[in-house]
Amino acid sequence: MKQIISDLIAQALRELEQTSQIPSEIGANIQVTPARDPGQGDYASNVALTLAKAAGMPPRTLADLIVGQISAIDTIEKVEVAGPGFINFFVASATSHSIIRNVLEQGDDFGRSSHGQGGKIQIEYVSANPTGPLHVGHGRGAAIGATLASLLNFVGYEVQQEYYVNDAGRQMHILGTSVWLRYLELCGETVTFPSNGYQGDYVWDIAATLHRENEARFQKPVAEVMAEVSEDAPAGDKEKHIDDLIEKAQTLLGENEYRIVFDLALVTLVDVIRNDLHAFGVDFDCWFSERSLSDDGLIDQAIQRLQDSGNVYEQDGAQWFRSTDFGDEKDRVVRRENGQTTYFASDIAYHMNKFDRGFGRVINIWGADHHGYIPRVKASLTALGYDADNLEVELVQFANLFENGNKISMSTRSGEFVTLRQLREDVGLDAARFFYVMRKTEQHMDFDLDLAREQSNDNPVYYLQYAHARICSVRRQCAEKGISLVTGEANLERLENTHEQALVKQLSIFPERVEAAALRREPHLVVNYLRELANLFHSWYNAHQFMVDDVELRDARMALASAISQVLRNGLKLMGVSAPETM
RNA sequence: GCGCUCGUAGCUCAGAUGGAUAGAGUGUUGGCCUCCGAAGCCAAAGGUCGUGGGUUCGAUUCCCGCCGAGCGCGCCA
């Protein structure tokens, strides 16, 4: 419809140019937007305002000229000039009503588009260090990433969802060592647990498994473990202390034995995370191991490529990538003085690999605290000869958890946090998923636990689900009363009141709103849309009776109601929220 | 100090590419179930869009300064 109107205007402008009523080649950028008020028709265009200057006449005069030149077609009922020079289009009711039949015929596919033309997009999200269960801070990225993936798929992209497993870093060694120390305690040793170790209960669980399956195989006397280990905080340096312990674990156990302990911790936690995410309605296609990058030689390869292109130099015994040449604020180390590559080097290799796997576009969903990291990753891609614009980073702001009006703070290290699992069990999957995507991604948000828990009109997710359940209820009652509905052949012309007209219009813009949400990477647009739809429905429901004696009217209304429930279902599904038939 | 993201109703937030009278929810006040689900609807009240300039027919939107908030600025990951 938008396109038709846009074409009509373009045609009119060409006519005016040819008859020299306006200067030629004034370069129209024709915008057509859905009207915001029923009094302003269905669609509006501001061409006359934008072209007034170039045409050398007042906007209203130009608007009148354009309207006079627009050819009549039967899908447009009326065109008029309003306000400072807007052109408002009124769509014929027969045309707009046909959307109901489209919705019913297309069902679950209504709103789908082929915009992406099967282009390959990779979206990487969550990617939390597997050093503990996911907590509520990870939930927002998970919900937004999963919803974005659904949206992109819905508008025609081939989407691959990936979790980057940081299984090679210092944090993982701290975890492995923490598990080992807890294991020693289970063996009967008396261990003073490092202040910087992971203190959560899950560490005990893994240690218990280790002990159960291996008994005293990894046991070493504590005196030996603590020998020559620097002092812990507060008297000493807690970072140095834990690093010494890690080294001790490696030397005392030997590489192979240490690896067994380490891998048990890793595998257990990745499993926990995978299960938690699955229960949260989030499933990844690929779990990409950071360690595999070095195993496959990709890190060396990436550094070599940077070296070959002259973007690496040596200083203070380390190798530096000259990222300042590509817009970063300082150069970055890729290989340390001790010969080890940095986390950044892994990330260069990882992103290189993403594009080498054939993704035309790569989306990373990162916590907002990683924003300073973007320029260097893009710099490395440019230096390697990739188009850095094909890497998109969506920053997700933190969600503050509130309960009883108090902010809840969290720390994985200390073991004090609300897990994603607890949140879901507490407020329910639907409310949890919904709350996370309700707000614009880059907007800081407050997650009110009390509100999410509340099963009342205060909880916005129920508002949408209630609309759906209500429609299902009416349909059930029709069936019970033996009323047969012929919605497919309903005379939709009977839908005449303002509620019905507004609903028909709202249904018709679902495809474009979904597309906008996908292309702008803004899932919250779907939430807003559905809220508007539910609101219009509830108002209509309160103002009019569906199960009326007038069969034709009843069929028409039930057709509209069914279409509404279908769109609610489609929209909620994109967000991973259920559409219950009863509540 | 530099950088990123922000600042809209009492509170939580929408307002893409500049447009018509800045909108929801919640809270407050008052109405609506002899009628399909009241987890709902209707109405009222609530705003110098942080602040001061600039750009133009027009700025919540774009540009600059200032104030305020959160987060970053490692041979950590």
Side-chain angles (χ1 to χ4, degrees), chain A residues 29 31 33 35-37 39-40 44 46 49-50 52-53 58-59 82-86 88 129 131 166 168-174 239 290 315-320 329-330 332-347 367-375 395 397-398 400 402 405 438-448 451 454-467 469-478 481 516 519-520 522 524-525 527-528 531-532 534-535 537-548 554 557-558 561 582-583:
Chain A
N29 168 27
Q31 295 176 31
T33 52
R36 27 177 298 182
D37 188 300
Q40 296 168 357
N46 63 349
L49 285 99
T50 57
K53 204 172 188 182
F86 289 97
N88 294 333
N129 282 342
T131 52
N166 296 112
R170 174 168 173 264
Q171 295 306 323
M172 281 306 299
H173 286 290
I174 295 178
E239 303 290 349
E290 178 189 355
Q315 186 183 308
D316 303 329
Q319 288 182 328
W320 298 69
E329 54 186 19
K330 57 174 85 166
R332 311 289 174 178
V333 172
V334 288
R335 194 186 299 277
R336 288 189 280 248
E337 198 178 354
N338 65 12
Q340 290 193 333
T341 53
T342 59
Y343 175 81
F344 177 48
S346 299
D347 242 3
D369 55 336
H370 284 70
H371 62 75
Y373 204 71
I374 302 172
L395 294 176
Q397 289 290 346
F398 298 112
N400 293 318
F402 281 85
M438 225 165 76
R439 305 305 185 197
K440 211 165 151 186
T441 307
E442 65 264 32
Q443 183 62 258
H444 301 266
M445 72 172 273
D446 292 340
F447 195 124
D448 187 333
L451 181 58
E454 200 161 344
Q455 301 202 0
S456 74
N457 54 345
D458 292 344
N459 189 329
V461 71
Y462 291 104
Y463 187 73
L464 308 186
Q465 295 180 319
Y466 184 53
R470 261 184 157 177
I471 294 169
C472 293
S473 172
V474 177
R475 291 182 61 86
R476 270 195 306 275
Q477 286 174 54
C478 284
K481 291 183 181 174
L519 302 185
R520 282 162 54 187
E522 294 183 351
H524 77 286
L525 293 177
V527 174
N528 293 347
R531 206 206 298 267
E532 289 162 17
N535 180 20
F537 167 74
H538 285 306
S539 297
W540 179 46
Y541 184 92
N542 272 272
H544 300 279
Q545 198 75 11
F546 296 178
M547 294 161 70
V548 290
R554 184 178 69 213
R557 286 186 172 161
M558 288 308 295
T582 59
M583 296 173 66

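Here is the naming used below: chain letters follow the sequence lines, and residue numbers restart at 1 for every chain.
Nucleotide B:rA9 is matched to nothing when pairs are restricted to Watson-Crick or G-U wobble geometry with both distances under 3.5 angstrom. Under the Watson-Crick or G-U wobble criterion, with both distances below 3.5 Å, B:rU17 has no partner in any strand shown. Pair check for B:rA43 finds B:rU29; Watson-Crick or G-U wobble, both atom distances under 3.5 Å. The base-pairing partner of B:rU56, taking Watson-Crick or G-U wobble contacts with both distances under 3.5 Å, does not exist among the strands shown. B:rC4: Watson-Crick or G-U partner is B:rG70, with both key distances under 3.5 Å. Pairing of B:rA77, defined by two Watson-Crick or G-U wobble distances under 3.5 Å, is not identified with any nucleotide. Under the Watson-Crick and G-U wobble criteria, each requiring two contacts below 3.5 Å, nucleotide B:rC49 is left unpaired.
Here the separation of B:rC64 from B:rU55, taken at their P atoms, is 15 Å to the nearest Å. Nucleotides B:rG18 and B:rC36 are separated by 50 Å at their P atoms, to the nearest Å. Remark: the separation of the C1' atoms in B:rA69 and B:rG23 is 25 Å, to the nearest Å. Rounded to a whole angstrom, the distance from the P atom of B:rG74 to that of B:rG3 is 16 Å. Using atom P as the reference point in both B:rC11 and B:rG65, the two lie 29 Å apart (nearest Å). Taking atom C1' on both B:rU26 and B:rC66, the two are 34 Å apart, rounded to the nearest angstrom. When the P atom is used for both B:rU21 and B:rA14, the distance is 25 Å, rounded to whole Å. Comparing the P positions of B:rA20 and B:rG15 gives an interatomic distance of 16 Å, to the nearest angstrom.
Across all strands shown, A:A44 has heavy atoms under 4.0 Å from base atoms, whether or not it also approaches the sugar-phosphate. Residue A:S473 is classed as a base contact, given a heavy-atom separation below 4.0 Å to a base. Among the atoms of the strands shown, none is found under 4.0 Å from any heavy atom of A:H173. Nucleic acid contact class of A:T582 (heavy atoms, under 4.0 Å, all strands): base. Within 4.0 Å (heavy atoms only), A:A467 reaches no atom of the nucleic acid at all.
Among B:rA14, B:rC42, B:rA20, the nucleotide with an atom closest to any side-chain atom of A:H524 is B:rA14. For A:Y462, whose side chain is taken as the heavy atoms from C-beta onward, the closest listed nucleotide among B:rG19, B:rA39, B:rG37 is B:rA39. Taking every side-chain heavy atom of A:F546 into account, B:rC36 is the closest of B:rC36, B:rC41, B:rA16. In the set B:rC35, B:rG15, B:rA24, the nucleotide with an atom closest to the side chain of A:Q545 is B:rC35. Distance from the side chain of A:M547 is smallest for B:rC36 among the nucleotides B:rA16, B:rC36, B:rC42.
Residues A:E337 and A:D316 are not in side-chain contact: their nearest non-hydrogen atoms beyond the backbone lie 4.5 Å or more apart. With a 4.5 Å cut-off on side-chain heavy atoms, A:Y466 and A:F537 do not count as touching. At least one side-chain heavy atom of A:Q171 sits under 4.5 Å from a side-chain heavy atom of A:I174. Under the 4.5 Å side-chain criterion, counting only non-hydrogen atoms from C-beta, A:T131 is in contact with A:M172.
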Before giving the answer on side chain to side chain contact (heavy atoms under 4.5 Å, CB included), spell out for A:Y343 and A:R170 the whole-Å C-alpha distance, their side-chain angles and the decisive distance to 0.1 Å.
CA-CA 10 Å; A:Y343 175 81; A:R170 174 168 173 264; over 6 Å; no
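The separation between A:E532 atom CD and B:rC13 atom P is 19 Å, rounded to whole Å. One can place CD1 of A:I471 at 15 Å from C1' of B:rA39, the figure rounded to the nearest angstrom. Rounded to an integer number of Å, the gap from CD of A:Q465 to P of B:rG37 is 18 Å. Separating the CE atom of A:M438 from the P atom of B:rG25 is a distance of 13 Å, rounded to the nearest angstrom. Following rounding to the nearest Å, A:L464 (CG) and B:rA24 (P) show an atom-to-atom distance of 17 Å. A:W540 has its CH2 atom 11 Å from the C1' atom of B:rC36, to the nearest Å. Rounded to an integer number of Å, the gap from A:R520 CZ to B:rA14 P is 12 Å. Atom pair A:L525:CG and B:rG23:P shows a separation of 19 Å (rounding to whole Å applied).
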Scan nucleotides 70-77 of chain B nucleotide by nucleotide, 5' to 3', and note B when protein non-hydrogen atoms come under 4.0 Å of the base, S if they reach only the sugar-phosphate, - if neither.
SBSSSBSB
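Not a single donor-acceptor pair under 3.5 Å links the side chain of A:N535 to the backbone N or O of A:R531. With hydrogens and angles disregarded, a donor-acceptor distance shorter than 3.5 Å links the side chain of A:H538 to the backbone of A:Y463. In terms of modelled atom types and a separation under 3.5 Å, the side chain of A:N338 and the main chain of A:Q340 share a donor-acceptor contact.
Its glycosidic angle being within 90° of 0, B:rC33 falls on the syn side.
Residues A:D347 and A:Y373 come closest through the heavy atom pair OD2-CE2, 3.1 Å.
Of the side-chain N and O atoms in A:R476, none sit less than 4.0 angstrom from OP1 or OP2 of B:rG37. Proximity of A:N542 to the phosphate of B:rC36: no side-chain N or O atom is located under 4.0 Å from OP1 or OP2. Dashed line: the shortest gap from a side-chain N or O of A:K440 to OP1 or OP2 of B:rG15 is under 4.0 Å.
Between the CZ atom in A:R557 and the OH atom in A:Y541 there is a gap of 13.0 Å [rounded to 0.5 Å].
Comparing A:R531 and A:N528, the nucleotide of RNA chain B nearest to each residue sits closer to the 5' end for A:N528.
A:T342 pairs in a side chain to side chain contact (heavy atoms under 4.5 Å, CB included) with only one of the listed residues (A:R336, A:R332, A:Q319, A:R335), which is A:R336.
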